[in-house]
Amino acid sequence: QVQLVESGGGLVQAGGSLRLSCAASGRTFSDYAMGWFRQSPGKEREFVAAITRSGQDTTYADSVKGRFTISRDNAKNTVYLQMNSLKPDDTAVYYCGADVWGTIATIRSKYEYDYWGQGTQVTVSS
């Protein structure tokens, strides 16, 4: 079993920055790929960013590429999402996911993930 807890969300003005954290417990953190997804009311959960087990490879949605950075600290069992140049369209609940069998070819898909956190709200005002 893997437990994931997101934190760091909040209200920020357009153009500002925010860093989300996802703390993992249970299964050895380095054994699974990690991803960030987001969901707005009335919309499906969508891919934002993901990182492989070692942190060697990352992948991003086109809408956030160049603005967001995913990273992980396996010693701290934590994955991060640094969000810069935030836009109102970034407003959503952000979820952290763990993918035991994830590879760079599969971790963009929400259907691959085995565990999810409770989410943290990010609101970007104009």
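Numbers here simply count residues along the sequence, with the first being 1.
- Contact between Y113 and A50 at its shortest, heavy atoms only, is OH-CB, 3.6 Å.
- Taking the six-membered ring where tryptophan is involved, the planes of F68 and Y94 are tilted, since the angle between them lies from 30° to 60°.
- I51 has its side chain out of reach of D57: every pair of non-hydrogen atoms, C-beta onward, lies at least 4.5 Å apart.
- Separation of atoms OG (S109) and CG (D99) is listed at 8.5 Å; rounding is to 0.5 Å.
- In this structure the side chain of W36 reaches within 4.5 angstrom of the side chain of C22, judged on heavy atoms.
- When every heavy atom of V93 is checked against every heavy atom of G119, the shortest pair comes out as CG1-CA, 3.8 Å.
- Y32 places no side-chain N or O within 3.5 Å of a backbone atom of T52 that could act as its donor or acceptor partner.
- Tracing side-chain contacts under 4.5 Å through hydrophobic residues (I, L, V, M, F, W, Y), one reaches W101 starting from M34; they form part of the same cluster.
- Within the cation-pi definition used here (under 6.0 Å to the ring centroid, within 45° of the axis), R72 does not qualify as a partner of Y80.
- Interatomic distance, CD of E112 versus CG of D114, reported as 8.5 Å (0.5 Å rounding).
- When side chains are defined from C-beta on, Q121 does not count as touching L11, because their heavy atoms never get closer than 4.5 Å.
- With hydrogens and angles left out, the side-chain atoms of S125 and Q13 include no donor and acceptor closer than 3.5 Å.
- A distance of 8.0 Å separates CG in L20 from OG in S7, rounded to the nearest 0.5 Å.
- Pairing each heavy atom of S40 with each of A92, the nearest pair is OG-CB, 3.6 Å.
- Y95 and L81 fall into different hydrophobic clusters, defined by Ile, Leu, Val, Met, Phe, Trp and Tyr side-chain heavy atoms under 4.5 Å apart, directly or through other members.
- In this structure, M83 is a member of the same hydrophobic cluster as V64, with clusters built from ILVMFWY side-chain heavy atoms closer than 4.5 Å.
- Side-chain polar atoms of S30 and R53 form no donor-acceptor pair below 3.5 angstrom.
- Checking T78 against D73 by side-chain atom types alone, no donor-acceptor pair falls below 3.5 Å.
- Closest approach of G97 and W116 over heavy atoms only: CA-CE3, 3.8 Å.
- Using a 4.0 Å cut-off between charged side-chain N and carboxylate O, E44 and K110 make a salt bridge.
- Rounded to the nearest 0.5 Å, atoms OG1 (T69) and OH (Y60) are 4.5 Å apart.
- No donor-acceptor distance shorter than 3.5 angstrom exists from the side chain of T91 to the backbone of T123, with no hydrogens or angles considered.
- Heavy atoms only, all atoms of each residue included: R38 and D90 are closest at NH1-OD1, 2.9 Å.
- Between S17 atom OG and R67 atom CZ the span is 10.5 Å, to the nearest 0.5 Å.
- For the atom pair CD of E6 and OG of S21, the computed distance is 10.5 Å after rounding to the nearest 0.5 Å.
- Counting all heavy atoms, side chain and backbone alike, C96 lies closest to V79 at SG-CG1, 3.7 Å.
- A continuous path of hydrophobic side-chain contacts links V100 to L4 [ILVMFWY only; heavy atoms under 4.5 Å].
- Less than 6.0 angstrom separates the ring centroid of F37 from the ring centroid of F47.
- Inter-residue side-chain proximity for K87 and V124 is flagged as unmet; no heavy-atom pair is nearer than 4.5 Å.
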